[in-house]
Asks: 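I'd like to ask some things about the structure below.
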Amino acid sequence: MADLHSEKILILDFGSQYTQLIARRVREAHVYCELHPYDMDLEAIRAFQPNGIILSGGPKSVYDEGAPAVEEALFELGVPVLGICYGMQLLNRHFGGHVVPAGKREYGHADLLSQGQPGPLFDGFFVDGKSPVWMSHGDHVEQVADGFDIIAATDNAPVCGIQNVERNLYGVQFHPEVNHTPRGEVLIDTFVRKICGCSGQWTPGQIIEDAVARIREQVGTDKVILGLSGGVDSSVAAALIHRAIGDQLTCVFVDNGLLRLNEGDQVMSTFAQNLGVKVIRVDAEDRFLTALAGETDPEKKRKIIGGLFVDIFEEESNKLTDAKWLAQGTIYPDVIESAGAKTGKAHNIKSHHNVGGLPDYMKLQLLEPLRELFKDEVRTVGEELGLPHQMVWRHPFPGPGLGVRILGEIKKEYADILRQADAIYIEELYRSGHYEKISQAFAVFLPVKSVGVMGDGRTYEYVVALRAVETKDFMTAGWYPMPYADLARISSRIINEVKGINRVTYDISSKPPATIEWE
Ligand code: XMP
């Protein structure tokens with residue numbers, strides 16, 4: 001089997017909000033990469049044996065006192081380097097060029113113009129000597145370092161691309177990693193394949209083959225347990241581990257009574273019936289509802305749900321006395337995020353309150369087969385493993401489930417009403433083609449009654465609010481501009497079909513200042 005990690009790109013992070021996108025573009029070119037802080041030790045870099053290094057953008061100026069820099073010897077490793085924005089300025093300054101504040105900050109679209117001999121980096125990038133790009137910078141290169149050629153410019157900035165082909169050093173002022181640079185992925189693909197010489201082995205099929213071999217090697221004949229939630233990450237982890245070790249895996253699925261309509265049955269039919277995975281389903285609705293009775297505070301509800309999940313998971317896993325491994329669906333952004341939190345260089349990505357976390361005294365070793373994968377990769381791997389498309393592309397669902405979508409006290413009656421309304425809403429979003437354009441959509445139960453009229457009678461029933469947001473990172477979000485005709489159909493279906501609801505509202509708050517969930 002080919003060693004999937006024999007080709008790799010190192011991305012050094014100078015704090016740009018786009019750094020993770022660089023990594024995703026490299027992966028899309030089917031090459032493995034890792035993202036590390038800019039001050040990664042040179043020995044560690046050597047040991048990593050990158051085929052190429054990408055220096056990210058960053059918020060600082062290279063001429064500032066104490067500005068982030070790489071170890072000088074990095075450029076002597078003989079490894080191709082691509083500097084993006086701050087990374088290009090660093091490269092230029094390192095070799096004796098000048099970087100100065102630009103007269104005018106440049107932010108947004110620009111037309112990149114080819115200059116001189118374009119060289120290998122821009123293969124296929126320009127059409128008629130031009131290419132639209134996304135800029136975001138306050139400094140620019142005033143004088144190019146000796147040995148470097150200028151290969152691109154804009155009307156505002158005379159130096160937007162530099163190269164030293166002999167030494168394989170390249171820099172671009174714009175951001176090829178963002179979607180606003182339409183041919184950006186061509187440039188990144190050219191860098192990793194043509195300049196760094198990677199052949200592109202990182203494909204879903206190979207990822208699975210590699211993960212299966214590694215899981216087998218790690219666990220041998222040991223038994224593994226996994227908490228299956230029905231969410232994308234734990235589902236894909238379960239399918240992958242099952243592919244590797246079959247019956248040595250036992251999943252524990254805790255139905256807390258706060259799941260979406262038919263979710264428990266769907267999880268069981270996908271895993272137990274279709275894939276033949278051993279799944280213990282724990283029907284714990286009553287325990288959760290009893291523990292939550294009378295509680296109205298959102299954070300206390302979260303704690304109760306998280307705590308009880310751990311208790312139940314522990315009870316079940318204690319029954320599996322021979323398990324040695326605990327499998328978790330940790331993914332690469334979680335790894336980067338906790339590394340960032342440790343070094344104080346936290347990244348601007350979703351950091352969220354996952355339910356639980358297991359106590360240390362459960363002396364199990366951790367098995368995390370998705371640790372190297374981005375969410376999109378987890379999804380394609382999931383599909384390749386035979387999980388249903390709708391399951392792997394489902395919107396995120398919070399650990400406490402409907403517990404934070406029923407405002408205030410949670411009651412079974414409320415959960416049942418909400419499940420029905422939510423199912424109609426989501427069904428309509430699929431049918432109208434909105435679902436895939438929305439990042440997250442759901443219904444919220446409001447425990448207030450309002451007056452309505454149905455037929456000849458007066459009604460006095462509950463309210464449901466509909467939420468749909470568009471977001472990249474879940475840290476900020478905008479409300480989705482749902483067409484009136486779709487809103488009208490969804491509202492009328494919910495009011496007609498769900499007993500207990502006589503009023504539907506649409507949430508038009510963005511985050512911030514609102515949050516995505518209502519609690
Ligand atoms: P907010 O409401 O903070 O949500 O804007 C951002 C994202 O996080 C999810 N979320 C949670 N996920 N446990 C989770 O696992 C939670 O307690 C929780 N609260 C919010 C939310 O659904 C959205 O995707």
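Ligands are counted one by one from 1 in listed order, and the atoms in each one are counted from 1 as well.
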Asks: Between P398, G399, A477, which one has a non-hydrogen atom sitting closest to atom 10 (N) of ligand 1?
Replies: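 The option holding the nearest heavy atom is P398.
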Asks: Can you check which of E519, M475, K511 brings a heavy atom nearest to atom 5 (O) of ligand 1?
Replies: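 Selected option, by shortest heavy-atom distance: K511.
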Asks: H395 and ring pair (Phe, Tyr, Trp, His ring centres under 6.0 Å): which partner among Y480, Y425, Y435, F442?
Replies: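 Exactly one candidate clears the test, Y435.
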Asks: Please name all residues satisfying ring pair (Phe, Tyr, Trp, His ring centres under 6.0 Å) with F14, sequence neighbours left out, ordered by chain then number.
Replies: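 Scan of F14 (ring pair (Phe, Tyr, Trp, His ring centres under 6.0 Å), adjacent residues dropped) gives Y38, Y86.
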Asks: Are the side chains of H242 and C251 in touch, meaning some heavy atoms are under 4.5 Å apart?
Replies: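 They are not in contact (no side-chain heavy atoms under 4.5 Å apart), so the answer is no.
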Asks: For ligand 1, which atoms, with element, lie under 4.0 Å from some heavy atom of F474?
Replies: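 Contacts of ligand 1 toward F474, numbered from 1: 6 (C), 24 (O).
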Asks: Out of all atoms in ligand 1, which are within 4.0 Å of some heavy atom of T515? Include the element for each.
Replies: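 Counting from 1, the qualifying ligand atoms are 1 (P), 2 (O), 5 (O).
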Asks: Short N/O distance, under 3.5 Å, between P400 and ligand 1?
Replies: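 No, there is no polar N/O contact under 3.5 Å.
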Asks: Report yes if R405 has an N/O atom closer than 3.5 Å to an N/O atom of ligand 1; otherwise report no.
Replies: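 No; the residue has no nitrogen or oxygen that sits under 3.5 Å from a nitrogen or oxygen of the ligand.
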Asks: For R431, is there an ion pair with E427 - N to carboxylate O distance below 4.0 angstrom?
Replies: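 The answer is yes: the pair qualifies as a salt bridge.
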Asks: When you check the gap from the basic side-chain N to the acidic O, do E299 and R302 get nearer than 4.0 Å?
Replies: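 Between R302 and E299 there is a salt bridge, with a charged N closer than 4.0 Å to a carboxylate O.
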